[in-house]
Amino acid sequence: MCFFQEHRSDKYQDQGKDAAASGSTGSFMPRRGKPAGKLKIIPLGGLGEIGKNLTVIEYENDMIIIDCGLGFPDEDMPGVDLVIPDFTYLMNNREKIRGVLLTHGHEDHIGGVPYLLDLMNVPVYGTKLTLGIIRNKLEEHKPSFRPDFRVVSAGDTVKLGVFTAEFIRVNHSIADACCIAVQTPLGTVIHTGDFKLDVSPIEGEMMNVVRLGELGNQGVLLLLCESTNAERPGHTPSERKVGASLENIFTANQNKRIVIATFSSNVHRVQQILDISAKHKRKVAITGRSMINIVNAAIELGYMKVPDGLIVDLAEIRRFKPEELTLITTGTQGEPMSALYRMAFSDHSQVTLGPSDLVILSASAIPGNEKLVGRIINELSRRNIAVMNDASEVHVSGHACQEELKLMQALTKPKYFMPIHGESRHLAANRDLAKFMGMKDEDIFISEIGKVLEIDRKGARFNGTVPAGNTLIDGSGVGDVGNIVLRDRKHLSEDGIIVVVATVDTGEGYMLSGPDIVSRGFVYVRESEELMDEARQVAYGVLADCFENHIRDRMEIKNRLKDELTRFLFSKTKRKPMILPILMDV
């Protein structure tokens, strides 16, 4: 099912025709006069964290959203699958929203879009590959309406209420990435998205530094600049470096089956793997749902060129010798459900790894995922499977290092600067780069999610907050797992649970049966029968005392059971399991 509504805008087309058809404009000059309104910049994700990037730009009765991503749960979120931004502020102002603008197709920038569309039908602007990836995601979500997807290309402009947004080509680890320059009544705001400067990209052109320089000469009010690699000196290497390294690896391992794990969205890297495999007369099989989806979308949309017969179905790989195959898979971050994880732990239904394989991790671990990645490497090494995970050889980042970040500032010459996309240390490092480039402390704003940066003709300042935080996705449930549920899950995981069951007649005030004690995750009952008997006597005493003193309120009885059993068990074990009283009344 196709969800595209073709909506192309180009600043070089006839302006009258464009204005009627799509509301785009060829003019990108600053507005004259001194408007009295306030421009608000509100990050709802992506600050102080990696992922779930979402920034709101608001002026009076108009609002646009730049990116709408997801993040992954940390160790304090047991059982949670995904994390998306809190959409409360967007829901409360849905009549103001003029559109969602997407910088590129990575999950941390687009993964929240299906969940936002579940709540509201707003226009979504993005390049062809970006919207193609979302289209595949919506095959699972299946919204009740036809999404208003509007395809743009680098160089296009779109009119959104009082805003005019221009998509500007940048280089990144996925094709079709753009930064966005937003003309507002108070001046130009540039949102870099994720970028790097690659002067020899695999496909397409290098970042449009000329256009960024033009905007800088016209005057940029605010630069929102990514910070992921702000601690790293120098320049980010070209993606072509990975191709040269892979060529050497293929040449040196002609007798092995090569299994390469990489980010599914890195279309250029997958293309290089395909090209090198074809050169070495290897067939290629692809595994991992996200990898299959994105490769199919890239081929369908013309972003990937595959020779006939090169890709074979995973079910056919037994027909080929190990040296005749390359496997491309997901799982670079050690995700327990990923294809590589299942291969490493012999749980994959179609691929069995052995000493004749070489596994290449063509990615670096996202902060926080180091242990998960290490678990896979250790298991593969234990099974005598060769692993290559030197990121300096088989991976280059898609994010700007310090020299490129300084170049972005030099080109745009912003009046105000806000670091975005990164943990606190990354934001601070980007701030230091801005100071090195000559900006004053009072013109640099390190924000937090939900914090409002307000700009008017008098200057810029922080002014208040809006509702913000995490919405947790657990299976098909969205937002039904909150702090209390997480607290209980953590409590259960650490100390286990004691269930107290008794049948009572609260009206007459006596017990019919019980109490019985059930333990899960606390102690092994067969080896702790004496402790369980004592706990049962404590529970019996509490119930008898309540009835003797004419206490009939079920909640009060349950609270007394919890308190007394907690004190008793802690005195015996120094642990505090969750106590769950169940009173069956007759």
Heavy-atom distance under 4.5 Å between the side chains of [X] and [Y], does that happen here?
| X | Y | value |
| --- | --- | --- |
| Val83 | Thr471 | no |
| Leu54 | Ile66 | no |
| Leu215 | Asn217 | no |
| Ser397 | Thr236 | yes |
| Leu453 | Lys40 | no |
| Tyr303 | Val270 | no |
| Phe163 | Leu39 | yes |
| Ile65 | Ile97 | yes |

Can you tell me if [X] uses its side chain to pair, donor with acceptor, with the backbone of [Y] under 3.5 Å?
| X | Y | result |
| --- | --- | --- |
| Asp108 | Gly111 | no |
| Asp443 | Ala460 | no |
| Thr412 | Met408 | yes |
| Lys196 | Pro237 | yes |
| Gln409 | Lys406 | no |

(Q) If the condition is side chain to side chain donor-acceptor pair (under 3.5 Å), which residues does Tyr59 pass it with, not counting sequence neighbours? (A) none
Are the charged groups of [X] and [Y] less than 4.0 angstrom apart, N to O?
| X | Y | value |
| --- | --- | --- |
| Glu166 | Arg211 | yes |
| Lys435 | Asp441 | yes |
| Arg146 | Asp148 | no |
| Lys52 | Glu107 | no |

Tell me whether the count of non-hydrogen atoms from other residues, nucleotides or ligands lying under 6.0 Å of [atom1] in [X] goes above 12.
| X | atom1 | result |
| --- | --- | --- |
| Arg232 | CZ | no |
| Lys415 | NZ | no |
| Phe462 | CZ | yes |

Closest heavy-atom pair and its distance - [X], [Y]:
| X | Y | answer |
| --- | --- | --- |
| His191 | Cys179 | O-CB, 3.3 Å |
| Ala230 | Leu405 | CA-CD1, 3.6 Å |
| Tyr89 | Pro467 | CB-O, 4.1 Å |
| Gly288 | Thr330 | CA-OG1, 3.6 Å |
| Arg457 | Leu186 | N-CD2, 4.4 Å |
| Leu129 | Asp176 | N-OD2, 3.3 Å |

Nearest 0.5 Å, what's the [atom1]-[atom2] distance between [X] and [Y]?
| X | Y | atom1 | atom2 | result |
| --- | --- | --- | --- | --- |
| Thr157 | Ile180 | OG1 | CD1 | 12.5 Å |
| Ile360 | Asn389 | CD1 | CG | 11.0 Å |
| Ile420 | Leu224 | CD1 | CG | 5.0 Å |
| Lys128 | Ser153 | NZ | OG | 7.5 Å |
| Leu47 | Leu44 | CG | CG | 9.5 Å |
| Phe263 | Ile294 | CZ | CD1 | 11.5 Å |

Q.
Working note: Glu239 + Gln272, criterion side-chain hydrogen bond (donor to acceptor under 3.5 Å, both in side chains); need CA distance, chi angles, decisive distance, verdict.
A. CA-CA 9 Å; Glu239 180 65 30; Gln272 290 190 100; 3.3 Å; yes
Are a donor atom and an acceptor atom from the side chains of [X] and [Y] found within less than 3.5 Å of each other?
| X | Y | result |
| --- | --- | --- |
| Thr188 | Gln218 | no |
| Ser238 | Ser200 | yes |
| Glu226 | His399 | yes |
| Asp67 | Thr103 | yes |
| Ser362 | His395 | no |
| Asp275 | Gln271 | yes |

Q) Yes or no on side chain to side chain contact (heavy atoms under 4.5 Å, CB included) for Met63 and Leu90, after CA distance, side-chain angles and deciding distance? A) CA-CA 9 Å; Met63 177 189 296; Leu90 302 181; 4.1 Å; yes
Q: Quick one: do Asp198 and Met206 satisfy side chain to side chain contact (heavy atoms under 4.5 Å, CB included)? Show the steps, please.
A: CA-CA 6 Å; Asp198 192 339; Met206 63 177 279; 6.0 Å; no
Q) Does the pair Ile50 and Glu423 meet the rule for a side chain to side chain contact (heavy atoms under 4.5 Å, CB included), with working shown? A) CA-CA 6 Å; Ile50 300 293; Glu423 298 174 350; 3.9 Å; yes
Q. Parallel, tilted or perpendicular: which fits the ring planes of His421 and His109, with parallel below 30° and perpendicular above 60°?
A. perpendicular
Q) Does Phe445 have its ring centroid less than 6.0 Å away from the ring centroid of Phe417? A) no
Q) Ile190 pairs by side-chain contact (heavy atoms from CB on, under 4.5 Å) with which of Val220, Leu411, Val182, Leu222? A) Val220
Q: Could you walk me through whether Glu454 and Arg461 pass salt bridge (Lys or Arg N to Asp or Glu O under 4.0 Å), step by step?
A: CA-CA 5 Å; Glu454 188 176 270; Arg461 70 205 66 81; 3.4 Å; yes
Q: I would like to know whether Leu116 and Phe87 meet side chain to side chain contact (heavy atoms under 4.5 Å, CB included); could you show each step before the answer?
A: CA-CA 8 Å; Leu116 183 65; Phe87 294 143; 4.1 Å; yes
Q: Could you pull out all residues at least two apart from Arg289 that satisfy salt bridge (Lys or Arg N to Asp or Glu O under 4.0 Å)?
A: Glu140
